[in-house]
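Structure, as structure tokens:
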Amino acid sequence: MLLSLIPAWIGVLCVLTASCRYFARISRSAALNRVFHNLHIPAGIVLVLTGLLHGLMAGNFAGTSFADVHIGTVFFSFNWGTACFLAAILTGITYVLRKVLKKKWMVVHRFSTILLLCLLLIHILDVGIQLPSRILNTGNTASYDQETTDADTSKSPSFSGAQLKDGVYEGSAQGYEGTITVSVTVENGVVAKIDILKNNDTPEYFEHARLITDQIIGQQSLDVDAISGATFSSAGIKNAVANALESAVTDGKLDHSETDLPSNPHRGHGDGKGKNRWGHKNNPNFF
């Protein structure tokens with residue numbers, strides 16, 4: 001969702017801009033030092049604001065209407081993105097308290113900045129590089145010249161190796177705790193929209209798994225990796241999309257290896273009562 005992706009990228013740029021303050025200082029360039037000195041504090045403020053907006057909107061997938069937006073479903077659970085935001089807050093606090101910390105404040109400030117950079121890198125590696133689906137779809141969406149009568153129809157767009165007929169299709173598959181039902185919209189031969197109509201999975205994990213719909217649309221393929229931390233739910237979404245598109249195929253075959261999910265994910269784990277040996281509720285979704 002753009003309300004999540006755009007602040008995320010602005011936040012990354014702010015982190016890099018603020019971090020350059022240190023390199024500008026040691027470069028001994030008066031011009032660079034002056035530029036990044038002036039940008040340092042504004043970049044930090046924008047980072048906190050965009051990080052908060054990104055965190056609150058994270059978990060909503062592309063195409064979500066404002067009426068269906070979920071606020072803070074991922075932000076208020078432990079994840080690397082939330083850890084990044086807390087590190088940014090800590091970095092800002094060290095600056096505000098610089099007079100109290102006195103000579104120690106710069107050491108603490110730099111340490112928190114390095115911590116923020118490390119957590120940001122881990123967060124990006126965890127969720128992958130996310131781009132708006134419209135940008136990712138640029139190379140997949142075909143444009144046709146109405147005046148060209150000898151167009152090669154064999155070059156029509158394909159989805160995961162198959163030609164699709166335009167329309168709206170519904171499909172279902174087993175998720176983590178029950179059936180997942182999706183609605184898939186095909187326009188101009190490509191998958192343009194995926195809506196989740198029904199699911200019974202744990203909300204905090206399922207909202208994270210929704211991100212796989214952006215990958216499916218962006219890559220126009222079912223051959224995408226499951227979302228880390230929501231493996232069963234994201235696999236269930238892929239299977240449901242494949243099930244929906246079976247009736248849309250006009251030529252070729254969907255390139256998709258269905259992931260078999262257990263009918264009872266808790267079976268065979270821990271003490272048989274839904275808890276592991278540490279007494280916590282089992283969550284096969286998270287590995």
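Excluded from the calculations below are hydrogen atoms, water molecules and symmetry mates; all remaining heavy atoms, backbone and side chain alike, are included. No experiment lies behind these values; they were computed from the predicted model shown.
For D223, the CG atom is loosely surrounded, since the number of other residues' heavy atoms within 6.0 Å does not exceed 12. Around CG of D166, the count of heavy atoms belonging to other residues, nucleotides or ligands within 6.0 Å exceeds 12.
Between the T250 side chain and the Q163 main chain, a donor and an acceptor come within less than 3.5 Å of each other. Listed for the Q220 side chain is a donor-acceptor partner under 3.5 Å among the backbone atoms of I217. At least one donor-acceptor pair closer than 3.5 Å links the side chain of D201 to the backbone N or O of E177. The closest donor-acceptor contact from the side chain of K238 to the backbone of V224 lies under 3.5 Å. Side-chain atoms of D195 do not come within 3.5 Å of backbone N or O of S183 as any donor-acceptor pair.
With rounding to the nearest 0.5 angstrom, the CG atom of N199 is 7.5 Å from the CD1 atom of I237. Summarising the geometry, atom CD1 belonging to I212 is positioned 4.5 Å from atom OG belonging to S234; distances are rounded to the nearest 0.5 Å. If you take CD1 on I41 and OH on Y95, they are separated by 3.0 Å, rounding to the nearest 0.5 Å. A distance of 11.0 Å separates SG in C20 from NE2 in H40, rounded to the nearest 0.5 Å. Note that the CG atom of N239 and the OG atom of S172 stand 11.5 Å from one another [nearest 0.5 Å]. Taking OG1 of T213 as the reference point, atom NZ of K193 lies at 11.5 Å (rounded to 0.5 Å).
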Enumerate, atom names and distances included, each donor-acceptor pair closer than 3.5 Å involving a side-chain atom of residues 105-122, sequence neighbours excluded.
residue	atom	partner	partner atom	Å
H109	ND1	T91	O	3.3
H109	ND1	T94	OG1	2.8
S112	OG	T91	OG1	3.2
S112	OG	V108	O	3.3
S112	OG	H109	O	2.8
T113	OG1	H109	O	2.8

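Contact detail for A244 and G171: the closest heavy-atom pair is CB-N, 3.4 Å. Taking every heavy atom of both residues into account, L222 and A242 meet most closely at CD1-CB, 3.7 Å. Across all their heavy atoms, E187 and A192 have their closest contact at OE1-CB, 3.8 Å. Closest heavy-atom contact between G236 and A173: O-CB, 3.6 Å. A pairwise comparison of heavy atoms in A88 and L47 identifies CB-CD2, 4.0 Å as the closest pair. A pairwise comparison of heavy atoms in V46 and C14 identifies CG1-SG, 3.5 Å as the closest pair.
Side-chain contact between K165 and V186: absent, with no pair of heavy atoms (C-beta onward) separated by less than 4.5 Å. Within the 4.5 Å cutoff, the side chain of L245 has heavy atoms near those of the V191 side chain. When side chains are defined from C-beta on, I10 does not count as touching H54, because their heavy atoms never get closer than 4.5 Å. For the pair I196/F206, a side-chain contact is recorded, criterion being any heavy-atom separation below 4.5 Å from C-beta on. Counting heavy atoms from C-beta outward, L254 and F159 have side chains that approach closer than 4.5 Å.
For N33, the side chain to side chain donor-acceptor pair (under 3.5 Å) partners at least two apart in sequence or on another chain are R21.
L90 and I45 end up in different hydrophobic clusters when Ile, Leu, Val, Met, Phe, Trp and Tyr side chains are linked at under 4.5 Å. Linking Ile, Leu, Val, Met, Phe, Trp and Tyr residues whenever their side-chain heavy atoms come within less than 4.5 Å places L56 and I89 in a single cluster. In the hydrophobic clustering of ILVMFWY residues, with side-chain heavy atoms under 4.5 Å counting as a link, V15 and I124 come out together. Residues V249 and V182 share a single hydrophobic cluster, defined by chaining ILVMFWY side chains whose heavy atoms lie under 4.5 Å apart.
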